[in-house]
Structure formats: structure tokens, C-alpha cells
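These notes concern the structure reproduced below.
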Amino acid sequence: QEQLVESGGGLVQAGGSLRLSCAASGRTFTFSSYAMGWFRQAPEKEREFVAAISWTGDSTYYADSVKGRFTISRGNTKIPVYLQMNDLKPEDTAVYYCAASNRVTYGLWPKEYDYWGQGTQVTVSS
């Protein structure tokens, strides 16, 4: 079954950087024509939008809280999307999820996405 698998999370000090990857699994399916997004969820909080990129890679969108610090980019067939996170802050601590959709050009809401990964933990210490 086609799915997404995130990696690259970990523990980092404030001001540090991490690069998250989202790999596609499944033998015959690719996400190259899908819009991709990153969301995050902190304990006892709703899942929130972080960044999105159109399937062409021409358009990117960011939450105000990460604009200027995070960069979403498209990769290849096996790893369709990355999230470069710089100048991390303790409030960035959350489980980060990647998602894919072929129903929208780009998506800012979880309901617009059909495929989700299991998440990777990002912890930023002060």
C-alpha cells in the first residue's frame, strides 16, 4: 500500500537546524504529480499547517510562524518533499507529518490531503 514515511526529526538546541524528509513507499506509486504539505501537532493542540508546495514545485506556502525560517522543496520520486528548518525555536516542538494530495493545487488544511505519514518528532530545547 502506498504511504509516506517521514525522517530527520530529533532533538536540537534553539537556533539549530534540521532537515525533514518524506519518502514514498509502495512499489508502483509515486507522488510526483501530487501537492505535498507539512503539518505539525504539539501535545494537546490541533494539527496545524506548516508549509505546502504545488505538484509542479512552482508555488510554496508557509505558516506565518515559520516564514523565513523553513523551506519546503520537492525532491525526487522516492523522496518527493523535504522541509529544511533553520533557526528552530522551542515553540517548533511537535510531531511533524508530511501529506500528499491530488485533489488540490496546494493545500492548507488537513482535510485536503489523502495520504499521511506516521510523523517524526522534533524537539527544540531552550
Side-chain angles (χ1 to χ4, degrees):
Q1 182 175 351
E2 296 77 17
Q3 61 181 2
L4 299 167
V5 181
E6 303 91 340
S7 62
L11 173 64
V12 64
Q13 289 188 329
S17 298
L18 286 173
R19 188 191 195 202
L20 304 185
S21 299
C22 176
S25 67
R27 288 177 294 179
T28 60
F29 192 79
T30 72
F31 293 97
S32 58
S33 62
Y34 279 57
M36 303 296 297
W38 287 95
F39 291 78
R40 65 187 182 187
Q41 188 166 16
E44 300 182 358
K45 290 191 175 181
E46 297 286 322
R47 189 168 297 190
E48 66 173 1
F49 169 76
V50 175
I53 189 166
S54 61
W55 73 271
T56 62
D58 293 341
S59 300
T60 56
Y61 307 87
Y62 298 93
D64 288 343
S65 59
V66 307
K67 202 171 294 183
R69 300 187 297 121
F70 291 12
T71 302
I72 187 171
S73 60
R74 295 205 70 102
N76 53 35
T77 300
K78 288 190 176 294
I79 303 178
V81 69
Y82 296 95
L83 185 68
Q84 177 68 43
M85 305 187 296
N86 299 329
D87 189 23
L88 282 160
K89 304 177 180 181
E91 51 264 42
D92 294 319
T93 295
V95 177
Y96 283 71
Y97 300 89
C98 68
S101 173
N102 67 348
R103 294 185 286 118
V104 296
T105 303
Y106 63 90
L108 307 184
W109 302 98
K111 64 182 179 181
E112 296 177 303
Y113 290 86
D114 301 304
Y115 295 90
W116 290 85
Q118 295 300 307
T120 184
Q121 177 70 48
V122 171
T123 303
V124 184
S125 63
S126 57

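The shown structure was predicted, so the numbers you read here are calculated from the model rather than taken from an experiment.
Using a cut-off of 4.0 Å between Lys/Arg side-chain N and Asp/Glu carboxylate O, K67 and D64 are scored as salt-bridged.
When side chains are defined from C-beta on, T71 does not count as touching L83, because their heavy atoms never get closer than 4.5 Å. Counting only heavy atoms from C-beta outward, the side chains of S32 and Y34 never approach each other to under 4.5 Å. Counting heavy atoms from C-beta outward, V81 and W38 have side chains that approach closer than 4.5 Å. In this structure, the side chains of M85 and V122 come closer than 4.5 Å at one or more pairs of heavy atoms.
Shown here are the salt bridge (charged side-chain N to carboxylate O under 4.0 Å, His left out) partners of R103, two or more places apart in sequence or in another chain: D114. Under the rule for a salt bridge (charged side-chain N to carboxylate O under 4.0 Å, His left out), K45 has no partner lying at least two apart in sequence or in another chain. Remark: R74 engages no residue in a side-chain hydrogen bond (donor to acceptor under 3.5 Å, both in side chains) (not counting sequence neighbours).
Heavy atoms only, all atoms of each residue included: G107 and A52 are closest at O-CB, 3.5 Å. Residue Y96 comes nearest to A94 through the heavy atom pair CD1-O, 3.4 Å, listed as atom of the first residue, atom of the second, then distance. Taking both residues in full, the closest heavy atoms of F31 and A24 are given as CD1-CB, 3.5 Å, listed atom of the first, atom of the second, then distance.
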Please step through side-chain contact (heavy atoms from CB on, under 4.5 Å) for the pair Q84 and S73, ending with a clear verdict.
CA-CA 8 Å; Q84 177 68 43; S73 60; over 6 Å; no

Test side-chain contact (heavy atoms from CB on, under 4.5 Å) on R19 and Y82 and set out the steps.
CA-CA 7 Å; R19 188 191 195 202; Y82 296 95; 3.6 Å; yes

When you look at Q121 and L11, which way does the side-chain contact (heavy atoms from CB on, under 4.5 Å) test go after all the steps?
CA-CA 8 Å; Q121 177 70 48; L11 173 64; over 6 Å; no

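Side chain of S101 to backbone of E112: a donor-acceptor contact under 3.5 angstrom is found. No donor-acceptor distance shorter than 3.5 angstrom exists from the side chain of T120 to the backbone of E6, with no hydrogens or angles considered. Distance alone, capped at 3.5 Å, is enough to place a donor-acceptor pair between the T93 side chain and the V124 backbone. Side-chain N or O atoms of Y62 include one that pairs as donor or acceptor with a backbone N or O of I72 at under 3.5 Å.
Taking OG1 from T105 and CD1 from I53, the interatomic distance works out to 13.0 Å, rounded to the nearest 0.5 Å. Atom CE of M36 sits about 4.0 Å away from atom SG of C22, to the nearest 0.5 Å. Separation of atoms NZ (K78) and OG (S21) is listed at 14.0 Å; rounding is to 0.5 Å. Separation of atoms OG (S126) and NZ (K89) is listed at 13.5 Å; rounding is to 0.5 Å. Considering OH of Y106 and OG of S54, their distance stands at 10.0 Å, rounded to 0.5 Å. Between the CZ atom in F49 and the OG atom in S65 there is a gap of 9.5 Å [rounded to 0.5 Å].
Counted within 6.0 Å of CD on E91, heavy atoms from surrounding residues, nucleotides or ligands total more than 12; the atom is thus considered enclosed.
Side-chain rings of W116 and F39 approach one another, their centers coming within less than 6.0 Å.
Screening N86, V50, D87, T60 for a side chain to side chain contact (heavy atoms under 4.5 Å, CB included) involving F70 leaves a single residue, V50.
In this structure, L4 is a member of the same hydrophobic cluster as L18, with clusters built from ILVMFWY side-chain heavy atoms closer than 4.5 Å.
A cation-pi arrangement is found for R47 relative to Y97, the charged atom lying closer than 6.0 Å to the ring centre and inside a 45° cone about the ring normal.
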